[in-house]
Amino acid sequence: MNDNRPPERAVTLKDLASELGLHSSTVSRILHSGTDVARSAASPGTAERVRALAREMGYSPDPQATSLRTRRTHLLGVIVPRLSDLVLAIMYEGIEEAAAEANYSTFVMNSRDDQELQRRKTEIMLARRVDGMIFGDAHLDGSLLAELSDRGVPFVLMNRRVPGYPSATCDDVRGGELVADHLWSSGHRTVSVIAGEPYASTAVDRVAGFVRRWRELGGDIPDSAVVWSGFDTVGGRIAAEKILQNDARRPTALFAVNDFAAIGAMGAVRSQGLQVGQDMAVVGYNDTSLAAQLPISLSSVYSPMLEIGRSAVQLLLRVLNGEQAESIRLEPTLCVRESSA
């Protein structure tokens with residue numbers, strides 16, 4: 001038998017007010033305002049009756065009406081270099097989880113680490129009236145963040161930091177120190193660093209932590225032993241080949257500032273007829289799921305990627321609520337495997 005009944009109409013504030021004999025504005029203040037406003041709108045008993053009836057009748061606020069009333073869309077914009085990057089994808093999962101718990105939605109765009117593209121994507125997001133933004137592609141030498149700050153746009157940084165702005169990151173200086181301690185205690189005295197891109201704090205801080213600690217331990221590491229490179233496998237391989245071509249200073253260990261560059265470096269080591277983990281130690285960073293599954297498992301610094309994403313949302317919510325937003329630095333740990341054991 002066909003059911004030709006019309007679909008049930010959504011319950012409105014007017015329905016609740018009529019059922020309770022209250023004015024719609026009173027019901028709205030109780031359901032949609034903070035505790036202090038709700039307390040001033042009605043007695044505790046009346047407020048509880050309103051909330052109980054709303055639950056019983058399945059009342060759900062109209063998001064468009066809520067947006068007009070609060071001037072908030074409950075939408076957060078996120079820009080990362082590439083969501084195809086496993087590290088950033090996991091961080092975005094953390095963002096989505098924490099945002100949903102706070103009744104926010106998110107959407108993400110890729111900048112490919114191009115500052116002009118980053119600027120265009122930012123304006124697209126602001127045109128969609130996001131309440132705030134999370135940048136996972138901040139450049140140390142960029143000007144966009146200062147401009148957005150001058151315009152009063154609420155934002156925080158994730159994964160990368162820039163001095164003067166709140167950020168949620170791993171303590172990358174500490175991560176570099178952990179690698180230096182490990183390689184020194186393993187007996188290595190000649191090392192080189194595959195450093196990543198100099199505009200990214202992840203690269204700069206990991207290198208700085210490693211080099212400073214290595215020198216504190218008594219080691220020598222000339223500037224020429226630090227090779228800046230792309231963050232991908234191709235960049236890591238090219239940098240490693242450059243290092244290995246220098247017969248005057250052939251290292252016994254390589255530190256690459258992310259796992260993908262380390263994997264590229266391992267390929268370059270093998271192409272020289274050397275055995276990773278025996279002739280040449282290799283250590284990466286982030287401890288992605290690939291690291292433990294390689295034919296020669298990769299030693300890597302674990303960075304709490306999911307928690308970094310969650311922390312970025314919590315930080316942004318503090319900014320949106322006008323609260324003090326102090327940068328968050330999460331603790332790294334070193335996972336030692338065959339490539340440097």
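Heavy atoms only: backbone and side chains are in, while hydrogens, waters and symmetry mates are out.
Following chains of ILVMFWY side-chain contacts shorter than 4.5 Å, one can reach M57 starting from V27, so the two form part of one hydrophobic cluster. No continuous path of ILVMFWY side-chain contacts below 4.5 Å connects F260 to V257, so the two sit in separate hydrophobic clusters. In this structure, I95 is a member of the same hydrophobic cluster as L88, with clusters built from ILVMFWY side-chain heavy atoms closer than 4.5 Å. If you chain together hydrophobic residues whose side chains sit under 4.5 Å apart, L306 and M91 fall into the same group. Linking Ile, Leu, Val, Met, Phe, Trp and Tyr residues whenever their side-chain heavy atoms come within less than 4.5 Å leaves L244 and V193 in two separate clusters.
Side chain of S185 to backbone of D181: a donor-acceptor contact under 3.5 angstrom is found. In this structure, S149 contributes its side chain and A146 its backbone to no donor-acceptor pair below 3.5 Å. Judged by distance alone, with hydrogens and angles left aside, the side-chain atoms of H139 form no donor-acceptor pair with the main-chain N or O of Q115 at under 3.5 Å. Without hydrogens or angle criteria, N258 side chain to F231 main chain gives a donor-acceptor distance under 3.5 Å. Formation of a donor-acceptor pair under 3.5 Å by the S339 side chain with backbone atoms of S299 is found in this model. A side-chain donor-acceptor contact under 3.5 Å links D131 to the backbone of H74. With T73 contributing its side chain and R129 its backbone, the two residues share a donor-acceptor pair below 3.5 Å. Here the side chain of N321 pairs no donor or acceptor atom with the backbone of E323 at under 3.5 angstrom. For the pair D172 (side chain) and G175 (backbone), a donor-acceptor distance under 3.5 Å is absent. Between the side chain of S311 and the main chain of E307, a donor-acceptor pair closer than 3.5 Å is present.
In this model, a donor atom of one side chain and an acceptor atom of the other lie less than 3.5 Å apart for S340 and H182. There is no side-chain donor-acceptor pair under 3.5 Å between E116 and Q118. Counted by atom type alone, R161 and T202 present zero donor-acceptor pairs between their side chains at under 3.5 Å.
A salt bridge links R160 to D113: at least one charged side-chain nitrogen sits closer than 4.0 Å to a carboxylate oxygen. A salt bridge is defined here as a Lys NZ or Arg NE, NH1 or NH2 lying under 4.0 Å from an Asp or Glu carboxylate O, and D205 with R329 fails to meet this definition. Residues R237 and E241 are paired through a salt bridge, judged by an N-O separation under 4.0 Å between the basic side chain and the carboxylate. Using a 4.0 Å cut-off between charged side-chain N and carboxylate O, R189 and D220 make no salt bridge.
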Open item on the list: Using salt bridge (charged side-chain N to carboxylate O under 4.0 Å, His left out), reason through E123 and R120 one step at a time and then give a plain yes or no.
Closed with: CA-CA 5 Å; E123 293 304 328; R120 293 204 301 270; over 6 Å; no
Task: Full working for side chain to side chain contact (heavy atoms under 4.5 Å, CB included) between D287 and R337 - done: CA-CA 11 Å; D287 195 32; R337 302 191 180 95; 2.9 Å; yes
- [ ] With side chain to side chain contact (heavy atoms under 4.5 Å, CB included) as the test, would you mind laying out the steps for N286 and V301 before giving the verdict?
- [x] CA-CA 5 Å; N286 286 317; V301 177; over 6 Å; no
- [ ] Tell me, with the steps shown, if S192 and R249 meet side-chain hydrogen bond (donor to acceptor under 3.5 Å, both in side chains).
- [x] CA-CA 9 Å; S192 291; R249 188 186 183 280; 3.2 Å; yes
TODO: Tell me, with the steps shown, if L86 and S289 meet side chain to side chain contact (heavy atoms under 4.5 Å, CB included).
DONE: CA-CA 9 Å; L86 182 58; S289 56; 3.7 Å; yes
Open item on the list: Between I134 and L316, is the side chain to side chain contact (heavy atoms under 4.5 Å, CB included) condition met? List the steps.
Closed with: CA-CA 8 Å; I134 297 173; L316 181 55; 3.8 Å; yes
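Of the inter-residue distances, the one linking T46 atom OG1 with R49 atom CZ reads 5.0 Å to the nearest 0.5 angstrom. Considering CG of N110 and CG of D85, their distance stands at 10.0 Å, rounded to 0.5 Å. Residue L178 holds its CG atom at 14.0 Å from OH of Y302, rounded to the nearest 0.5 Å. We find the CG-CZ distance between L117 and R119 to be 11.5 Å, quoted to the nearest 0.5 Å. Note: L75 CG to M125 CE = 8.5 Å, rounded to the nearest 0.5 Å. Rounded to the nearest 0.5 Å, atoms CZ (R310) and CG (L330) are 12.0 Å apart.
Listed by first and then second residue, the salt bridge (charged side-chain N to carboxylate O under 4.0 Å, His left out) pairs that reach into residues 250-263 are D247-R250, sequence neighbours excluded.
Contact of the V283 side chain with the S300 side chain is not registered, since no non-hydrogen atoms from C-beta on lie closer than 4.5 Å. With a 4.5 Å cut-off on side-chain heavy atoms, W214 and L183 count as touching. Looking at V269 and M266, their side chains never come closer than 4.5 Å, going by heavy atoms from C-beta outward. Residues L315 and R318 have side chains in contact (heavy-atom distance under 4.5 Å, counting atoms from C-beta outward). Annotation: side chain of V179 is not in contact with side chain of R206 (no heavy-atom distance under 4.5 Å). Side-chain contact check for I243 versus I194: some heavy-atom pair is nearer than 4.5 Å. In this structure, T122 and V153 have side chains that are not in contact, with every pair of non-hydrogen atoms separated by 4.5 Å or more. The shortest side-chain heavy-atom distance between V87 and T288 falls under the 4.5 Å cut-off.
In this structure, G136 and P81 approach most closely via the heavy-atom pair O-CD, 3.4 Å. Residue P251 comes nearest to M280 through the heavy atom pair O-CE, 3.2 Å, listed as atom of the first residue, atom of the second, then distance. Taking every heavy atom of both residues into account, F107 and R128 meet most closely at CE1-NH1, 3.6 Å. Across every non-hydrogen atom of L320 and Y104, the tightest pair is CD1-OH, 3.9 Å. Closest approach of S224 and V227 over heavy atoms only: O-CG2, 4.2 Å. In terms of heavy atoms, G284 sits closest to L298 at N-CD1, 3.9 Å.
Scored by the salt bridge (Lys or Arg N to Asp or Glu O under 4.0 Å) test, E48 finds R55 as partners (sequence neighbours excluded).
With M158 as the partner, the side chain to side chain contact (heavy atoms under 4.5 Å, CB included) test is satisfied by one option alone out of I308, I328, T169: I308.
Not less than 6.0 angstrom separates the ring centroid of Y165 from the ring centroid of F135.
Between Y285 and F255, the ring planes lie tilted relative to each other; the angle falls in the 30° to 60° range.
F210 does not carry R215 over the face of its six-membered ring by the limits of under 6.0 Å from the centre and within 45° of the normal.
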